[in-house]
Protein chains: 2
Amino acid sequence: MPKPKTDSRDRLIETAARLFQRQGYQGTGLSQIVEESGAPRGSVYFLFPGGKEELAIEAIEQSTLMVRKQIELAAGNSHSVEEWIRSLAAHFIEDLESSNYLQGCPISTVTLESVPDSPALQKACRLAYDLWIEDITIVLIRFGIHKEDAGELAVFLLSAVEGALILCRAQGSAKPLEIGTKLSIELVKAKQHGIMEP
Amino acid sequence: MPKPKTDSRDRLIETAARLFQRQGYQGTGLSQIVEESGAPRGSVYFLFPGGKEELAIEAIEQSTLMVRKQIELAAGNSHSVEEWIRSLAAHFIEDLESSNYLQGCPISTVTLESVPDSPALQKACRLAYDLWIEDITIVLIRFGIHKEDAGELAVFLLSAVEGALILCRAQGSAKPLEIGTKLSIELVKAKQHGIMEP
DNA sequence: CGTTATATATACTGATCGTTATAGTTTCCT
DNA sequence: AGGAAACTATAACGATCAGTATATATAACG
């Protein structure tokens, strides 16, 4: 594994990830990525022979990893599901507010754009969600959620967050995510104590 | 109010709505809209002097109305919240499956793209969500949800659906929405019977 | 030192984009 | 029938896009 001799590659990926999060894939030009990253124009197709699509895939993969780390970090610092969910929510709210409600989910816009235009990009997005669901499921079980509930609950919680982030961006407010946090906690606790049977 | 002499306007709006739903705003060219609509090229800027943005706003408004009608229709045909939620979910699942998982929420992609590029378009998207939340809230109250719970519950249910639709598109499966339906019903019923206090 | 791989500069391509200008056609109304 | 309004056709515009070709520079390494 060769070691890079410049940080151009990282700069491009990081900038691309931020711009794709805010503006989506189609809405972000390579020129803007180059400018804001400060990386040299001539390096783009040397570092990413696959062009924009390859850069986007790497950006998505990086964003995927960031969220995974956040899920784990929040779980490690928490002593209950409630605390964990609050911690995670706080992170997203911070991201929203510090960006004037421009940065929601780092991959949702690209996901919606990439189906079915770019199969490779779509695959990266799909993997992201699958991994997040897996991570959430594991943490839920760790916090005492019944194994047979955890999987579906993870999907539902992720759905609620993703949707709330859209509403937050649309409304320019963190309120939907706050509501989502509150009700998610109620739901999880109810599931945890088995006071909820269909 | 003048009556139109052709159906070009409606054709353009309808086609634009479908394409924006599938491909988003940036991913949809005016040429494609013209072609698929069958409307004459020369009419676009006559019917929509504001160009693509104006057409998009009208498309979003039409999609907004469609969903509102669906919410009301499903409510009218149902005798319980559970039935209502199932009916609504069935509609979205039908839309997903009949489009090979290309058609999720009709406005979410555009919403994420329009912030903050086009304030007018963003406004239309925001209004859409506000109206849907209002509609859902009213129906929830009609079905016996406590007034003080209905507003937040509506936001949460809409979030869950929006997020689930993203996951469905990413995974090419209706499973996330099915899970969302199931858990949403459980949550609403619990709220309805007051067996859930934080 | 010199060679090789890595990295960057520059210029250009062909395509597509949204938009505009101008002219021509159709339809309605009196 | 005639004139006005509604509608459409066509062509071109400037801009931007992703991508490519070629040349040059920088660094690592023997």
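Because the structure is predicted, anything quoted here is derived from the model rather than measured.
Computed from coordinates, the B/Q32 CD to C/dT16 C1' distance equals 13 Å when rounded to whole Å. As a whole-Å value, the separation of A/I33 CD1 from D/dG19 C1' is 14 Å. Put simply, CG on A/D117 is 14 Å from P on C/dT16, counting in whole angstrom units.
Taking a 6.0 Å sphere around CD of A/Q103, one finds it holds more than 12 heavy atoms contributed by other residues, nucleotides or ligands.
OP1 or OP2 of C/dT16 has not a single side-chain nitrogen or oxygen of B/S31 nearer than 4.0 Å. Under 4.0 angstrom from either OP1 or OP2 of D/dA6 there lies no side-chain N or O belonging to B/T6. Residue A/S8 has a polar side-chain atom (N or O) positioned under 4.0 Å from OP1 or OP2 of C/dT8.
The stretch residues 34-64 of chain A touches DNA chain D through A/Y45, A/G51, A/K52, each having a heavy atom within less than 4.0 Å of the strand. Near DNA chain D, meaning a heavy atom under 4.0 Å from it, residues 14-28 of chain B has no residue at all.
A/R142 meets the salt bridge (Lys or Arg N to Asp or Glu O under 4.0 Å) test with A/E72; sequence neighbours excluded.
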Return all side-chain donor-acceptor pairs below 3.5 angstrom for residues 45-57 of chain A, not counting sequence neighbours, or 'none' if the list is empty.
residue : atom : partner : partner atom : Å
A/K52   : NZ   : A/Y25   : O            : 2.9
A/K52   : NZ   : A/T28   : O            : 2.9
A/E53   : OE2  : A/S118  : OG           : 2.3
A/E54   : OE1  : A/G50   : N            : 2.5

Quick one: side chains of residues 150-168 of chain A, donor-acceptor pairs under 3.5 Å with protein atoms, not counting sequence neighbours, listed by atom name and distance.
residue : atom : partner : partner atom : Å
A/E152  : OE1  : B/K182  : NZ           : 2.7
A/S159  : OG   : A/V155  : O            : 2.9

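In terms of modelled atom types and a separation under 3.5 Å, the side chain of A/R169 and the main chain of A/L102 share a donor-acceptor contact.
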_Checking A/R126 against A/D130 for the side-chain contact (heavy atoms from CB on, under 4.5 Å) test, could you report, in this order, the C-alpha distance in whole Å, the side-chain angles of both residues, the deciding distance, and whether it holds?_
CA-CA 6 Å; A/R126 175 183 177 144; A/D130 287 343; 3.7 Å; yes
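Using a 4.0 Å cut-off between a side-chain N of Lys or Arg and a carboxylate O of Asp or Glu, A/E82 and A/R86 qualify as a salt bridge.
Grouped by direct or indirect side-chain proximity (heavy atoms under 4.5 Å, Ile/Leu/Val/Met/Phe/Trp/Tyr only), B/L127 sits with B/L131.
Applying the Watson-Crick and G-U wobble criteria (two distances, each under 3.5 Å), D/dG30 pairs with C/dC1.
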